[in-house]
Amino acid sequence: MNETVRAELLAMAAEDSRVRAELAADGSLYDGYHPRMAAIHHTNARRLDALIDEHGWPTAAEAGTDGNAAAWLIVQHAIADPGLQHRVHAMSTGGPPAQTAALADRIAFFEGRPQTYGTQFDWADDGRLRPWTIDDPATVDERRAAVGLPPLDPNPSPEGETPPADPRLRRAHMYVWARSVGWRRPELADVLEDHVTVAAPQLLGCEVTANGVTIRITEVEAYAGQGEDPGSHSHRGRTPRNAPMFGPPGHTYVYFTYGMHWCLNITCGPDGWAAGTLLRAGEVIAGHDLARTRRGEKVTGRDLARGPARLAKALGVTGADTGTPALDGSGPVHLRPPADPPATFDNGPRTGVGGEAAATPWRFWLPGEPSVSPYRPHAPRNRSRTTQGHKPESRA
């Protein structure tokens, strides 16, 4: 037995448990992926990776039963290191069957695939903790028994863990984080099929191109509809103007506001279920001269697309572009996944939305980005000052 390796593994696992206990005690452990916990997991993962390079996998014979158990704890917690989890999974270490089953499920969970053994749970949109999607759920208990796991409990009550205030927002944070560390590279068509409050934050960092200008998106707003969101154009049903919102996801919805400006949205949700993401702001990354020509030669780089009307004008988008495909390059607007996926985002109330929807926190932005537009609460406007025939609306 290598006592040095064993001692190091035990110390790493002990530090993991110590920090976890501290965060659980003050209630911050389950409020997203805590930076302290993430730092411990990453440090331990890098060191275990090096130990495997030097000595191979720390089996019970190599590191003792407790050292082997510590190694498994470190691997299971290395959620920000897909390479290590894949490496151990591929090694066929001959470890405890329940551990190898859990690792296989964990990899599937973070990659967005169905799990095999039902070891991974997540908060559903109704606030209940349920198993992540299972492949062939009718026979899951047989597979669990084969690796020494008890029958699946479909409704567990985890000690000390409370449901998130907004399960969809939590899911959006998880998806954005998982993409940033390399777990998944989802197709935008799949992203946009989800509920708009999950889809919208995942458009942050994406690139949108139209008429010779490309913008990296730094701020968006989500708008549902059909009775769900009083702030949305589609809340009261379909009209000729909002018809694109009811079409398939991944299309444009361009509307005119205050008789002056065009605003660009990307449709979300299943076909027939109206929802859209307003592209509120971004950073021009190509076509600067064209953007300045459209916006004005004296406009600073930060302000070229800082605000939804400015963004649409910089892109040269108008009502003629509404309802066109935005994902496959066949339309005038082309939306692409982010070249450098962000790891997190902030959210708060939507700009300029009044009434009962004023406090809905469905505006999402990349923190620290100078191109993010300033928040302004709803202020009633004098309709007589708007162009006749155009309803003064500033929401999707």
Side-chain angles (χ1 to χ4, degrees), residues 1-25 29-30 32-111 113 115-122 131-132 143-150 152 156 158-161 174 177-178 180-184:
M1 181 187 302
N2 190 324
E3 286 292 346
T4 301
V5 171
R6 174 177 174 270
E8 188 166 3
L9 290 169
L10 292 176
M12 291 157 63
E15 180 68 1
D16 181 306
S17 298
R18 183 187 68 79
V19 172
R20 183 178 181 84
E22 287 182 7
L23 298 178
L29 178 63
Y30 302 110
Y33 193 17
H34 197 284
R36 285 185 64 199
M37 198 79 263
I40 291 295
H41 289 166
H42 185 67
T43 298
N44 284 354
R46 296 276 58 78
R47 182 55 188 150
L48 178 58
D49 214 16
L51 287 173
I52 294 172
D53 285 342
E54 297 170 20
H55 305 282
W57 172 254
T59 63
E62 170 71 16
T65 302
D66 52 357
N68 176 257
W72 275 109
L73 181 143
I74 293 165
V75 168
Q76 299 287 10
H77 289 182
I79 59 175
D81 290 85
L84 175 61
Q85 292 202 337
H86 276 291
R87 181 184 188 185
V88 174
H89 181 251
M91 289 175 70
S92 300
T93 62
Q99 290 281 14
T100 57
L103 181 59
D105 277 0
R106 182 154 292 198
I107 291 171
F109 170 75
F110 283 114
E111 291 182 343
R113 298 183 288 104
Q115 61 178 327
T116 301
Y117 300 95
T119 64
Q120 306 300 301
F121 288 70
D122 198 17
W132 175 253
R143 296 191 296 275
R144 290 174 66 88
V147 296
L149 292 170
L152 179 65
E159 183 179 351
E161 191 168 355
M174 195 277 281
W177 171 84
S180 74
V181 298
W183 274 118
R184 55 176 70 192

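Sequential numbering from 1 along the given sequence is applied to the chain's residues. Note: hydrogens, waters and symmetry copies are ignored here, and every other heavy atom, side chains too, is used.
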Notebook entry, point to check: Tell me, do E15 and M12 make a side-chain contact under 4.5 Å, heavy atoms counted?
Noted result: no
Next item on the list: Report yes if some heavy atom in the side chain of V19 is under 4.5 Å from a heavy atom in the side chain of M37; otherwise report no.
Entry: yes
Note to self: So, taking the atom named CG in L51 and the one named CD in E8, what distance separates them when rounded to the nearest 0.5 Å?
What the structure shows: 5.0 Å
Check: Could you give the distance from CD1 (I79) to NE2 (H41), rounded to the nearest 0.5 Å?
Finding: 7.0 Å
Checklist line | Proximity of F110 and W177 rings by center, below 6.0 Å | finding: yes
Next item on the list: Check A45 against I74 and note the closest heavy-atom contact, atom names and distance.
Entry: N-CG2, 4.2 Å
Item checked: Donor-acceptor pair, side chain of Q76 and main chain of Q99, under 3.5 angstrom -> yes
Next item on the list: Sort and list the pairs that fulfil salt bridge (Lys or Arg N to Asp or Glu O under 4.0 Å) and have at least one residue in residues 74-83, not counting sequence neighbours.
Entry: R46-D81
Check: What pairs with D16 under salt bridge (Lys or Arg N to Asp or Glu O under 4.0 Å), at least two apart in sequence or on another chain?
Finding: none
Checklist line | Non-neighbouring partners of E62 that pass salt bridge (Lys or Arg N to Asp or Glu O under 4.0 Å), sequence neighbours left out | finding: none
Margin query: So which atom in L149 and which in A98 form the shortest heavy-atom distance, rounded to 0.1 Å?
Written below: CD2-CB, 3.9 Å
Note to self: As an exercise, state the distance from CG of L73 to CG of N68, rounded to the nearest 0.5 Å.
What the structure shows: 11.5 Å
Item checked: side-chain contact (heavy atoms from CB on, under 4.5 Å) assessment of V75 paired with L48 -> CA-CA 8 Å; V75 168; L48 178 58; 3.4 Å; yes
Next item on the list: Indicate the atoms forming the closest heavy-atom contact of I52 with M91, along with that distance.
Entry: CG2-CE, 4.0 Å
Next item on the list: Starting at CG of L29, measure out to CZ of R20 and round the result to the nearest 0.5 Å.
Entry: 5.0 Å
Checklist line | Where D53 and R87 come nearest, the two heavy atoms and their spacing | finding: OD1-NH2, 2.7 Å
Next item on the list: Apply side-chain contact (heavy atoms from CB on, under 4.5 Å) to the pair W183 and Q85, showing each step before the final yes or no.
Entry: CA-CA 11 Å; W183 274 118; Q85 292 202 337; 3.3 Å; yes
Check: Rounded to the nearest 0.5 Å, how far does CG of L103 lie from CD of Q120?
Finding: 9.0 Å
Check: Parallel, tilted or perpendicular: which describes the rings of F109 and W132, with under 30° parallel and over 60° perpendicular?
Finding: perpendicular
Checklist line | Heavy-atom closest contact (A101 atom, T119 atom, distance) | finding: O-OG1, 4.4 Å
Check: What are the two closest non-hydrogen atoms of Q115 and P131, and how far apart are they?
Finding: NE2-C, 4.1 Å
Checklist line | Check: T100 side chain, P97 main-chain N or O, donor-acceptor pair, under 3.5 Å | finding: yes
Next item on the list: For R6, check salt bridge (Lys or Arg N to Asp or Glu O under 4.0 Å) against everything at least two apart and list the hits.
Entry: E3, D66
Check: Got a sec, which residues hit salt bridge (Lys or Arg N to Asp or Glu O under 4.0 Å) with R36, two or more places apart in sequence or on another chain?
Finding: E22
Item checked: side chain to side chain contact (heavy atoms under 4.5 Å, CB included) partners for A108, two or more places apart -> R113
Next item on the list: Report yes or no: does N2 contribute a side-chain atom to a donor-acceptor pair with the main-chain N or O of A63 at less than 3.5 Å?
Entry: no
